[in-house]
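Please read all numbers here as calculations on a predicted model, not as lab measurements. Atoms within each ligand, like the ligands themselves, are counted from 1 in listed order. These numbers come from the heavy atoms of this one structure, side chains and all, not from hydrogens, waters or symmetry mates.
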Amino acid sequence: MKIAITRDVSPRIGECELSYLEREPIDAAKAAAQHAAYERRLEELGCRLVRIEPAPEHPDGVFVEDAAVVLGEVAVITRPGAPSRRGETASVARALVPFRPLMLIEEPGTLDGGDVVHVGRRLYVGRSARTNDEGIAQLRQLVAPFGYDVVPVRFEGCLHLKSAATAVDDETILMNRQWVEPFGGLSTIEIDPAEPSAANVLRIGDTLVCAASNPRTRLMLEQRGYRVVTVDVTEMEKAEGGVTCCCLSFRSE
Ligand code: CIR
């Protein structure tokens with residue numbers, strides 16, 4: 001069964017962390033409606049939703065992806081790079097208990113789930129303002145016994161590695177080459193240059209969930225034979241979030 005962990009949008013999302021965008025007003029009610037539509041989309045794609053308790057005190061709490069890295073065998077609870085976000089992980093950890101044994105990134109390590117691109121037995125991890133060398137080293141040690149390699153990746157110009165590159169199948173990365181160079185010897189597809197944030201796509205089974213704000217990249221993916229659905233996440237995009245960061249999706253028996 002496919003599981004998707006989500007959390008409601010905080011009414012304080014307008015106070016979110018920002019790193020490369022100018023702050024602009026975020027309509028929290030519209031963000032909540034977009035998030036509800038996103039959750040419905042995940043259900044249509046066969047996911048069972050596990051909705052964590054709301055955390056209105058955490059402006060970025062909707063971005064649950066950053067709190068954990070969920071693998072087939074285990075879930076690694078992160079230590080987010082932004083101190084304001086560290087209080088988000090305990091509730092995500094509780095939600096994961098029924099599904100996976102948990103392991104923890106510890107101080108002084110920092111790691112945001114949005115920096116981890118998982119392809120087969122390899123985790124490509126962005127070295128970023130949020131994820132430090134110690135966090136990457138801890139992740140490597142934690143997952144090595146399960147047969148995963150951890151490969152650091154440099155990038156610049158955006159918040160997380162997954163803003164710049166995500167896997168669209170088991171050997172292909174959709175990427176924005178303004179922000180990251182090809183890595184891992186994987187095949188690459190470049191996003192339409194008019195849509196810089198389009199590389200952030202969520203893979204659910206054989207379907208790609210794309211942000212509606214990136215129609216050219218969507219069309220290109222469809223022309224290459226990918227099945228694509230869209231969701232409107234404009235309010236989350238103002239908070240530097242995209243389609244992957246609003247859920248933790250994984251399989252459970
Ligand atoms: C932050 O700066 O942490 C949030 N405003 C956005 C987090 C987006 N998360 C993600 O792409 N995985």
Proximity flag A239 to ligand 1, non-hydrogen atoms under 4.0 Å: yes

M236 near ligand 1 by a heavy-atom separation under 4.0 Å: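 No heavy atom of M236 comes that close to ligand 1.
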
Atoms of ligand 1 close to G114 [distance to a heavy atom under 4.0 angstrom, numbered from 1]: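 Those qualifying, in numeric order: 12 (N).
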
State plainly whether the residues [X] and [Y] are in salt-bridge range, i.e. N to O under 4.0 Å.
X	Y	answer
R121	E73	yes
D115	K162	no
E53	R94	yes
R40	E44	no
D170	R203	yes
E15	R12	yes

Note the single closest protein heavy atom to [atom], along with its residue, its atom name and the distance in Å.
atom	result
atom 4 (C) of ligand 1	D60 OD1, 3.1 Å
atom 2 (O) of ligand 1	R130 NH2, 2.8 Å
atom 9 (N) of ligand 1	D66 OD2, 2.8 Å
atom 8 (C) of ligand 1	E240 O, 3.4 Å
atom 10 (C) of ligand 1	C245 CB, 3.0 Å
atom 12 (N) of ligand 1	E65 OE1, 2.7 Å

Worked check of side chain to side chain contact (heavy atoms under 4.5 Å, CB included) between L123 and V151: CA-CA 6 Å; L123 305 181; V151 179; over 6 Å; no

Whether D192 side chain and A194 backbone form a donor-acceptor pair below 3.5 Å: yes

Any donor-acceptor pair under 3.5 Å from S128 side chain to H160 backbone: no

Geometry only, no angles: is [X] polar-contacting ligand 1 at N/O separations under 3.5 Å?
X	value
R85	yes
G242	no
E17	yes
H160	yes

Structural part of D112 in contact with ligand 1, heavy atom criterion under 4.0 angstrom: neither

